[in-house]
Amino acid sequence: MAWANTEIARQLEEIAELLRLAGEDAFRVRAYERAAAAAGAAEVDLGELDEAELTEVKGIGASTAAKIVEFRATGEIGLLSELREQVPPGVVELTRVPGLGPKTARRLHAELGIGGLDDLAAALEDGRVAALDGLGERSAARIAGGLERIGAKDTDRTPVADVVDLAVELCRRLEALDAVERAAPAGSLRRMRETVGDLDVLVATSSPAEVAETVRGDTDLVAEVLADGDTKLSVRTRGPGVQLDVRLVEPEAWGAALVYFTGSKAHNVRLRERAVRDGLTVNEYAVADRETGQRRAGVTEEEVYAALGLAWVPPPMREDTGEIEAAAEGSLPQVVTEEAVVGDLHGHSDVSGDGRASLEAMVAAAAERGLAWWAVTDHAEDLTMNGASRADLLARREALPALAERYGLALLDGLELNIDGEGGVDYDAEFLATFDWCVASIHTMLERDGAAQTGRLCTAMANPHVHAIGHPSGRLLGQRPGYDLDWERVIATAVETGTALEVNGALRRLDMPAEVVRRAVQAGATLSLASDAHTTGGLANLTWAVRTAQRGWAPASAVLNTRGLEELRAFVAAKRERAR
DNA sequence: GCCGTTTTCGGCCCGACTGTTTTCAGTCG
C-alpha cells in the first residue's frame, strides 16, 4: 500500500481511544495520540524505515516502533486486537453521546450491562441511569438530550459548508451591538477543517452578560440553551442544528483567547508545554510569568506567539504537525495568502448549461474582486447536459477582448474538459491547442474503482493540452466519499507531466483534501487554486481554496494563481514543449 | 508511552461548566 503512514496513524488512534475506554493511564493514552499524530504528519514513508529509524521520529518510541514493525510484518497490531476483544464495541458507541465520557460509559456497561445506544435509551427510560451513585435525574436528562441529538444524524460532524453562512451572519449581528468590540469565528472553522464538530464564535466585550442575553434571546438562531456561564454560552441552533459556543472575553484578552479557541487542541497543548519550559503560563486570557503572574502578552495573536518565541502561525496550519517546531526555528513556510492570489483558474458562465450568470456578469465580478486575470472554463461538449458546443465557444472567444478591455483584467480562454472512461478528453488536439487554459475533470463513471480512476487521471495528465486536473478526488462532503485514488501515483504523474493539481474551494468539495495538498507540495507539484464559481457569488470560494492550500503548507511559489500572466503562459507552453 | 538547556526517572497543559460527593469528579475543548 502506498503511504503506510495514514493506516498506521489510524491504528494508533484506535489504540489510544480503546486504552482510554479501558481506563488506562491518561499519559499512556496521550502518548499513543501523539504517536498517531506523528505518524500521520511524518514526511517520510514509515513503511520504509527500520525499527531504529522509527524511534528517531519525535513522538515514536521503542514500544510504538516495535508495533509499527509488527503491523508491517503481520498486518495487525496485537495490542489493538486484544483491546478490541477487551472493550465492548457498545462502550465505544456510548462515548459518541455528547456529555457521556469514558468513565461513565464503563460504569454503564459494568453496572447496568448496557451494550449500546438502544440499551442506553431503555435504561434512561426506566430510571436505572439516574439511580446510579453519583448520577441523578439531571445527569440522566443531559445524557438523554445528547442521545437524542446524535440520533438525528448519522455523523457527529457537520460539513463546513453548512455552517459558514451562520457563523458569518452571527458575527455580523454581534458586531452591530454597542457592547461588542469584535466578533470572529474560531475553532475548526477558522482552521478550515472540512467539517466542524461545533461552531465556536469569539466575542470581545466588556459587557458579557448583555451579549449573552442578546444571543439567548435570538429566537431565529437558538433552538435550545445547552450551557450558560459567565464566559461561555452554548446553544443548539435552528437550521443546521449544530452546537454553537459563544465565548465572551475582555478586549485585552482577544489575542490569547483567539489562539486558545482556534486550537487545535494538540497545538494548544504544545504551546503551553513550551511556555512551561520558558517559565511562562498560557491560558485563554494571557501569557504570564509563572512565578510572578506578570502579564506578558494577550491583546493580539502575534504578541502571544512572540512572547513564546514563535512566529505567528496561520490558523489552518495549527494542527501540531510540525508547525510549532518550524515557527520556533524560523523555518515556517511562507504559505500562500489571499493577497498573493491574483487570478482564478476555474469558473463558469452561462455559455455552459450549469453556469448561472452571464459571461459579462462573471467578468465584472472577477474584476470587482480585484483579480488581475480570470480563466473562464465552461464545460466542454461531452458533458451532454451542460457542455458548450464549438460554436458557443468560438462566439465566447470573440467576446473576450472587449470584456477584458471594459473591466480592466486579463481573460483566459479556457475549458473544463471531461475525462472519459479511458482518460481521453473532448475535442481534437488542434482545437484544444487554441485555448489558453484547460482543466480536465472526471464527471462520469464515478463508481469505478480506485485503480481505474487513478488510470483515467494519469492518462489525462499525459495529454499536452490538459493543464490541470479539476477536483481530483471527486468527493462531495457530507454526500459521497472521493475515489480511492493512488495519490502517490497521481502526484508523481502531475510532477512528471508538468500538470497542475487543483485545490477546489467549493465548500462541498475542498478538493484536493488538505492532507493530500501537503504531500503534493512535498513532492514538488504545482497547484492551481479554483473557486469553481457557477455564480458571481461563487468567486468568493477562492478564499476557501487559499485556506485549504494553507492547511497543506503550500508556499506561494507552488501556486499558479500567484503568478503573472506571462509566467502562467510559460507554464502552459512548457507542458506542450515537454510533449514534443 | 515518551522524553531530557534540571532530569535515563519522574514528570507530563489549562480552565469553564455541570451536577452532586459541601470540596470534587467528569466532560469538554
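To find a chain, count down the sequence lines: A is the first, B the second, and so on, and within it residues start at 1. Side chains included, hydrogens not; waters and symmetry mates left out as well; all remaining heavy atoms used. Computed from a predicted model, the values in this text were never measured in an experiment.
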Spacing of A:Leu94 atom CG and A:Leu117 atom CG [to the nearest 0.5 Å]:
6.0 Å

Quick test of your reading of the model: are A:Glu273 and A:Arg270 salt-bridged, counting only N-O distances below 4.0 Å?
yes

Just call it for [X]: base, sugar-phosphate, or nothing, with non-hydrogen atoms closer than 4.0 Å on any strand.
| X | value |
| --- | --- |
| A:Asn268 | nothing |
| A:Gly263 | nothing |
| A:Arg290 | sugar-phosphate |
| A:Ala62 | sugar-phosphate |

What is the distance, to the nearest angstrom, from the [atom1] atom on [X] to the [atom2] atom on [N]?
| X | N | atom1 | atom2 | answer |
| --- | --- | --- | --- | --- |
| A:Glu273 | B:dT5 | CD | P | 13 Å |
| A:Ile15 | B:dC2 | CD1 | P | 11 Å |
| A:Glu24 | B:dG1 | CD | P | 8 Å |

Mark up nucleotides 19-29 of chain B, 5' to 3', with B wherever a protein heavy atom is under 4.0 angstrom from a base atom, S wherever such an atom reaches only the sugar-phosphate, and - elsewhere.
SSB----SSSB

Using Watson-Crick or G-U wobble geometry with both distances under 3.5 Å, which nucleotide pairs with B:dT18?
B:dA25

For B:dA16 and A:Thr231 - does any side-chain N or O of the residue sit under 4.0 Å from the phosphate oxygens OP1/OP2?
no

May I ask you to test the A:Tyr305-A:Val313 pair for a side-chain heavy-atom distance under 4.5 Å?
yes

Give me the distance, rounded to whole Å, that separates B:dA25 from B:dT20 when you measure between the C1' atoms they each carry.
10 Å

Identify each donor-acceptor pair in which a side-chain atom of residues 249-263 of chain A lies under 3.5 Å from a protein atom, sequence neighbours left out, and give them as a table.
| unit_1 | atom_1 | unit_2 | atom_2 | d |
| --- | --- | --- | --- | --- |
| A:Thr262 | OG1 | A:Arg190 | NH1 | 2.8 |
| A:Thr262 | OG1 | A:Leu258 | O | 2.6 |

Not counting sequence neighbours, which residues clear salt bridge (charged side-chain N to carboxylate O under 4.0 Å, His left out) with A:Arg172? List them please.
A:Glu169

Nearest listed nucleotide, side chain of A:Lys58, among B:dA16, B:dC14, B:dC3
B:dC3

Mind running side chain to side chain donor-acceptor pair (under 3.5 Å) on A:Arg193 and A:Ser188 for me, showing each step along the way?
CA-CA 5 Å; A:Arg193 276 195 62 170; A:Ser188 44; 5.6 Å; no

Over all atoms of both residues, closest heavy-atom pair of A:Gly113 and A:Asp119:
O-OD2, 3.8 Å

A:Phe27 ring over B:dC2 six-membered base ring, under 5.5 Å and 30°:
no

If you pin A:Asp228 and A:Glu284 to their nearest nucleotides in DNA chain B, which one's is more 5'?
A:Glu284

